[in-house]
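Shown next, in structure tokens, is the structure this report addresses.
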Amino acid sequence: MGWGAAALMLLLPATMFHLLLVARSGPARLLGLPPYLPGPEALWSPWALLLWLTWLGLQAAFYLLPARKMAEGQELKDKTRLRYPINGFQALVLTALLVGLGVSAGLPLGMLTEMLLPLAFVATLTAFIFSLLLYLKALIAPASALAPGGNSGNPIYDFFLGRELNPRICSFDCKYFCELRPGLIGWVLINLALLVQEAELRGSPSLAMWLVNGFQLLYVGDALWYEEAVLTTMDITHDGFGFMLAFGDLAWVPFTYSLQAQFLLYHPQPLELSMASVICLINAVGYCIFRGANSQKNTFRKNPSDPRVAGLETISTATGRQLLVSGWWGMVRHPNYLGDLIMALAWSLPCGVSHLLPYFYLLYFTALLVHREARDEQQCLQKYGLAWREYCRRVPYRIVPYIY
Ligand SMILES: NC(=O)C1=CN([C@@H]2O[C@H](COP(=O)(O)OP(=O)(O)OC[C@H]3O[C@@H](n4cnc5c(N)ncnc54)[C@H](OP(=O)(O)O)[C@@H]3O)[C@@H](O)[C@H]2O)C=CC1
Ligand SMILES: CC(C)CCC[C@@H](C)[C@H]1CC=C2C3=C(CC[C@@]21C)[C@@]1(C)CC[C@H](O)C[C@@H]1CC3
């Protein structure tokens, strides 16, 4: 258990650095060796540390600004509910304004692309230090504040999974903040810097770069616009906050999810307008399924008699909650994952088919969602018992109709 966690703590950062190095190498081979091993001078930069801490501080300040709404989380073990500010989209807009002002005043945004390696290094370092502090904080937390997993007694495993469910400093919720702000907004900022750098190098950004930037901005904008929905995800309601999420949120998301744009900067790809239109269509189909499914479930969970969902067929469960068996949730048991995967494909296609590297996200994400789906099934079976079995009988496919 502990060995597996230790191996992942080495393997995940190593994979991220491998991707960063390979993306800028000539052959850009996903499965090849990295072109060189970076020395300390390539990884460590006090400027990167300063920039990273400023970024975290800025996003924390945006988090603390008055919110348009305060949302309540799920009921906790001690029957209380935490309150969360809904101002993530506001943070995105404020960041965009600030960056826009900076660029018009001469800020060399494209230079950020030269700092990706040291920035990824300080983000990884922060994730380690932060997880250690969270582990120590959990030692003095009451038992009711601990997560169901992550408290096995094996320190390495617990450090990796995270012991406390909702670690907070006063009203500042560390996990909720990290899940949506610095990483997701950082991802689109890195994409933008890559676009600016491409314009500087080649006169204008390529069509492929525009598509990748546009699609991923839509995804991040959507996540922040529907921020409240994250409060019902297993990351917030079930998982502790440890190295896996801290590293995932702060380092993995910004530095590996921007891989397609990184690849395009160093390996420009021609893209016909007709092919670009097909890719836009694929992204639109994926987005409609993803958003349609997520909104249908959220609307239903908030108010089952809402006219938009009142006509859908349902199964009653012993808990008093119902499960949808028609509409998006009657097609497969995770229609939102299907939409997300179709979008992942559309993000890679602008990079052409000559390299496997830009398809890394699609491969990793398929594995992540298959694993996540299995965990969710387990939890739903525990929660809903026979009613869940009936749902599985009525809707036999998990993610892809007639395939899986
Ligand atoms: N880009 C990325 O890296 C990632 C993206 N995602 C995306 O985040 C979003 C959230 O995903 P995730 O948190 O995994 O899970 P879901 O949003 O799919 O939520 C699963 C929960 O939905 C409820 N549910 C399941 N089936 C039904 C039904 N038939 N009717 C009503 N409710 C049902 C159950 O909870 P209950 O009954 O308690 O309401 C279940 O636990 C997804 O769109 C996913 O694609 C997720 C992970 C990573
Ligand atoms: C480092 C590991 C391999 C795994 C880390 C996993 C994390 C990167 C993801 C766990 C759940 C996530 C969610 C999102 C981003 C990725 C992480 C943090 C979203 C915020 C993406 C946008 C969606 O609209 C909502 C997602 C919720 C879960």
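Residue indices begin at 1 and follow the sequence shown. Whatever order the structure lists them in is the order used to number ligands and atoms, beginning at 1. Please read all numbers here as calculations on a predicted model, not as lab measurements.
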Open item on the list: Minimum distance, heavy atoms only, to atom 47 (C) of ligand 1: which one of R372, R291, Q74 is it?
Closed with: R372

- [ ] Starting from atom 8 (C) of ligand 2, find the nearest protein heavy-atom neighbour and note its residue, name and distance.
- [x] V253 CG2, 3.6 Å

TODO: Give a yes/no verdict on a cation-pi contact between R202 and Y266, requiring under 6.0 Å between NZ or CZ and the six-membered ring centre and an angle within 45° of the axis.
DONE: no

Open item on the list: Quick one about T232 and Q74 (side-chain donor to acceptor, distance below 3.5 Å, no hydrogens or angles considered), yes or no?
Closed with: no

Task: Identity and distance of the protein heavy atom lying nearest atom 3 (O) of ligand 1 - done: Y257 OH, 2.6 Å

Open item on the list: Under 3.5 Å between any N/O of T233 and any N/O of ligand 1: does that happen in this structure?
Closed with: no

Task: Lys NZ or Arg CZ of R291 over Y226 ring: under 6.0 Å, within 45° - done: yes

TODO: Could you tell me whether the side chain of Y384 reaches within less than 4.5 Å of the side chain of I315, counting heavy atoms only?
DONE: no

Task: Protein heavy atom at shortest distance from atom 38 (O) of ligand 1 - done: K383 NZ, 2.6 Å

Open item on the list: Less than 3.5 Å apart, any donor N or O on the side chain of S206 or Q269 sitting next to an acceptor on the other?
Closed with: no

TODO: Any atoms of ligand 1 less than 4.0 Å from a non-hydrogen atom of Y219? List them with their elements.
DONE: 1 (N), 2 (C), 5 (C)

Open item on the list: Starting from atom 2 (C) of ligand 2, what is the nearest protein heavy atom, named by residue and atom, and what distance separates them?
Closed with: L12 CD1, 4.2 Å

Task: Mode of T232 contact toward ligand 1 - side chain, backbone, both, neither (heavy atoms, under 4.0 Å) - done: neither

TODO: For atom 16 (P) of ligand 1, grab the closest protein heavy atom and report residue, atom and distance to one decimal in Å.
DONE: N336 ND2, 3.4 Å

- [ ] Salt-bridge test for R398 and D376: reply yes if a basic N is under 4.0 Å from a carboxylate O, no otherwise.
- [x] no

TODO: Would you please indicate yes or no on a ring centroid separation below 6.0 angstrom for F177 and F62?
DONE: no

Task: Region of A293 engaging ligand 1 - heavy atom pairs below 4.0 Å - done: neither

Open item on the list: When you compare ligand 1 with D376, is there at least one nitrogen or oxygen pair between them that comes in under 3.5 angstrom?
Closed with: yes

Open item on the list: Under a 3.5 Å cutoff, is there a donor and acceptor pairing between the side chains of S258 and N191?
Closed with: no

- [ ] Specify side chain, backbone, both or neither for L324, according to which of its non-hydrogen atoms lie closer than 4.0 Å to ligand 1.
- [x] both

Task: Side-chain touch D173/Y63, heavy atoms, less than 4.5 angstrom - done: yes

Open item on the list: Can you report which non-hydrogen protein atom sits closest to atom 44 (C) of ligand 1, along with the distance?
Closed with: D340 OD2, 3.4 Å

- [ ] Quick one: look up the protein heavy atom nearest atom 37 (O) of ligand 1 and list residue, atom name and how far away it is.
- [x] Y384 OH, 2.4 Å

- [ ] Quick one: look up the protein heavy atom nearest atom 5 (C) of ligand 2 and list residue, atom name and how far away it is.
- [x] G248 CA, 3.9 Å

Task: Close aromatic pair by centroid cut-off 6.0 Å: Y404 and Y397 - done: no

Task: Proximity flag Y226 to ligand 2, non-hydrogen atoms under 4.0 Å - done: no

- [ ] If you have a sec, work out which protein heavy atom is nearest atom 21 (C) of ligand 2 and how many Å separate them, to one decimal?
- [x] Y219 OH, 3.8 Å

Open item on the list: Ring of W329, cation from R394 - is the NZ or CZ under 6.0 Å from the centre and inside 45° of the axis?
Closed with: no

- [ ] Using distance alone, decide if ligand 1 has a nitrogen or oxygen within less than 3.5 Å of any nitrogen or oxygen in R333.
- [x] no

- [ ] Give the residue and atom name of whichever protein heavy atom lies nearest to atom 14 (C) of ligand 2, and the separation in Å to one decimal.
- [x] E179 OE2, 4.3 Å

Task: Distance-only side-chain donor-acceptor flag, S204 / E198, under 3.5 Å - done: no

Task: Protein heavy-atom partner closest to atom 43 (O) of ligand 1 - residue, atom, separation in Å - done: N294 ND2, 3.0 Å

- [ ] Please could you name the atoms of ligand 2 that L180 approaches to less than 4.0 Å, counting only its heavy atoms?
- [x] 20 (C)

Open item on the list: Heavy-atom distances under 4.0 Å decide this one: backbone, side chain, both or neither, for F290 against ligand 2?
Closed with: side chain

Open item on the list: Please work out, at 4.0 Å between heavy atoms, whether the side chain, the backbone, both, or neither of Y361 comes within that distance of ligand 1.
Closed with: side chain

Open item on the list: Within the 3.5 Å criterion, strictly below it, is a donor on N336 or N294 matched to an acceptor on the partner's side chain?
Closed with: yes

Open item on the list: Judged on heavy-atom distance to atom 22 (O) of ligand 1, which of K297, M234, Q378, R394 sits nearest?
Closed with: K297

Task: Any N/O pair R301/ligand 1 closer than 3.5 Å - done: yes

Task: Any donor-acceptor pair under 3.5 Å from S348 side chain to P358 backbone - done: yes

TODO: Could you name the option among V230, L184, N294, D235 that has the heavy atom nearest to atom 10 (C) of ligand 2?
DONE: D235

Open item on the list: Could you tell me if the side chain of Y337 sits less than 4.5 Å from the side chain of E373, heavy atoms only?
Closed with: yes

Open item on the list: Starting from atom 9 (C) of ligand 2, what is the nearest protein heavy atom, named by residue and atom, and what distance separates them?
Closed with: Y257 OH, 4.7 Å

Open item on the list: My question is simple, although I want it checked carefully: is atom 8 (O) of ligand 1 less than 4.0 angstrom from any protein heavy atom?
Closed with: no

- [ ] For ligand 2, indicate whether the residue R372 contacts it via side chain, backbone, both or neither (heavy-atom separation under 4.0 Å).
- [x] side chain

Open item on the list: Below 30° counts as parallel, above 60° as perpendicular, anything between as tilted: where do the rings of H355 and H267 land?
Closed with: tilted

Task: Ring centers of Y364, W252 separated by less than 6.0 Å - done: yes

- [ ] Please determine if D340 and R372 form a salt bridge, counting it only when a charged side-chain N lies under 4.0 Å from a carboxylate O.
- [x] no

TODO: Report the nearest protein non-hydrogen atom to atom 15 (O) of ligand 1: residue, atom name, distance rounded to 0.1 Å.
DONE: Y337 OH, 3.7 Å

- [ ] Scan the protein's non-hydrogen atoms and note whether one is under 4.0 Å from atom 19 (C) of ligand 2.
- [x] no

- [ ] Please check if any side-chain donor atom of Y219 sits under 3.5 Å from a side-chain acceptor atom of W187, or the reverse.
- [x] no

Task: Residue F290 vicinity, atoms of ligand 1 by number, heavy atom under 4.0 Å - done: 43 (O)

Task: Heavy atom of the protein closest to atom 4 (C) of ligand 2 (residue, atom name, distance) - done: L368 CD1, 4.2 Å

- [ ] Enumerate the atoms of ligand 1 whose separation from the nearest heavy atom of Y391 is less than 4.0 angstrom.
- [x] 29 (N)

Task: Nearest neighbour in protein (non-hydrogen) for atom 34 (C) of ligand 1 - done: C380 SG, 3.9 Å

Task: Side chains of Y287 and D222 in contact at under 4.5 Å (non-hydrogen atoms) - done: yes

Open item on the list: In the complex you have, is atom 25 (C) of ligand 2 within reach of the protein, judged by whether a heavy-atom distance drops under 4.0 Å?
Closed with: no

